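Notes to accompany the following structure.
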2 protein chains.
Amino acid sequence: MNSISDRDIAEAWTQTLREHGYRVTGPRKLVMEIITSSASALTPQEIYQASLEKDRSLGIASVYRTVDMLTELELVEHIHQPGGCHGIWPVFKGHNHHLVCSDCGQVRVVPGEEGIEQYIQKVEDLTGYRVDEHWLQFIGLCTICKRKGGQENPLETG
Amino acid sequence: MNSISDRDIAEAWTQTLREHGYRVTGPRKLVMEIITSSASALTPQEIYQASLEKDRSLGIASVYRTVDMLTELELVEHIHQPGGCHGIWPVFKGHNHHLVCSDCGQVRVVPGEEGIEQYIQKVEDLTGYRVDEHWLQFIGLCTICKRKGGQENPLETG
DNA sequence: CTCTTTGCAAAAGTTTTGCACGCTC
DNA sequence: GAGCGTGCAAAACTTTTGCAAAGAG
């Protein structure tokens, strides 16, 4: 995540909440902290489990409500993983694509690429659709899992 | 779709089941028929609902079991849609990308593109990951919904 | 002080599992 | 006929909702 720290992101997010008239509360901060500091995309259940390991407790309903709110504010998106697709992942500025490790679940963001734009144009011409959005995800092995030979511990279904 | 009819696909699928030692039964044929003849990706629940509208009945458990079997045989894949990602969609030969209409849910398949291969190479060099798979999906409006002005009837969450 | 947000518990919805019977091969 | 696959019903799990009380602004 380059020069921006997880903590900076969390602060920018609280700013966005306030701008939209949402209150910044303890449970919301905890959920945002867990999401922004995770190396992999988490399900609402996993976020809840992570909260149990911290000092502060949290109701599962608040996790769902906070995730819905963050989704609506476009601060997170749902990402597609092998075996399930409920991972919640922070949206970063600009268009990015996701690289998911099929062994450890780690997510890495890679910059968008102009080559895709040309392809989209081609698809529009070919099909007559109007393309508004695209999701490009890569599934593979991260550097560490590649070294280990991979596939020993495939992504939990999540 | 092009030159291959839905019926041909269904026949090819039953062939694959036999080759893998699975029996070809009424419920399985019905599920396969519903999946291959749908214009949009369906959830297991939607497949079950569709079966109720046909003459033959079907247990919801059989839908789940059949979908699992088809997924294992790589005859279908789960596709990611705005608002949810449980759509079941037939896998066609070769690598394709999906174009999902955000208004009516219709899915269209578009051919893979070599430009992506170069991009993958770039991503591997940049990140050190080994990329095994990629999912590229486009979200937009199909020809019909585009004409209607779109977004009147956004995809049910499914 | 107002009114949003919370945790809890119940409800609704989805997916999985066990089992006796039926059907494919 | 052997044994896989079925529907049913129960269980497990996930997500949503209603409400009184707590807490942010």
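To find a chain, count down the sequence lines: A is the first, B the second, and so on, and within it residues start at 1. Values reported hereafter were calculated over all heavy atoms of this structure, with side chains retained and with hydrogens, waters and symmetry mates removed. Just so you know, these numbers come straight off a predicted model, no measurement behind them.
Rounded to an integer number of Å, the gap from CZ of B:R65 to P of C:dG18 is 11 Å. Look at CD on B:Q45: it is 8 Å from C1' on C:dG13, rounded to the nearest Å. One can place CG of A:D68 at 6 Å from P of D:dT16, the figure rounded to the nearest angstrom. The distance from atom NZ of B:K29 to atom P of C:dC23 is 14 Å, rounded to the nearest whole Å.
Comparing D:dA24, C:dG7, D:dT6 against the side chain of A:L58 picks out C:dG7 as the nearest. The listed nucleotides are C:dT5, D:dT14, D:dT6; the one nearest the side chain of A:Y22 is C:dT5. For A:R23, the listed nucleotide lying nearest its side chain is C:dT5; candidates were C:dT5, D:dT16, D:dC8. For B:S62, taking side-chain heavy atoms from C-beta onward, the closest of the listed nucleotides C:dC25, D:dT6, D:dT14 is D:dT6.
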Could you tabulate the donor-acceptor pairs under 3.5 Å formed by side-chain atoms of residues 58-71 of chain A, not counting sequence neighbours?
{"residue": "A:Y64", "atom": "OH", "partner": "A:Q45", "partner atom": "NE2", "Å": "3.2"}
{"residue": "A:T66", "atom": "OG1", "partner": "A:S62", "partner atom": "O", "Å": "2.7"}
{"residue": "A:T71", "atom": "OG1", "partner": "A:V67", "partner atom": "O", "Å": "2.7"}

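Closest approach of B:H97 to B:F138, counting heavy atoms only: CB-CE1, 4.3 Å.
Taking only distance into account, the side chain of A:R18 never meets the base of D:dG25 through a donor-acceptor pair shorter than 3.5 Å.
Listed pair B:R28 / D:dG5 meets the phosphate criterion, a side-chain N or O lying under 4.0 Å from OP1 or OP2. Residue B:T25 places at least one side-chain N or O under 4.0 Å from the OP1 or OP2 atom of D:dT6.
More than 12 heavy atoms of other residues, nucleotides or ligands sit less than 6.0 Å from atom CD of A:E19.
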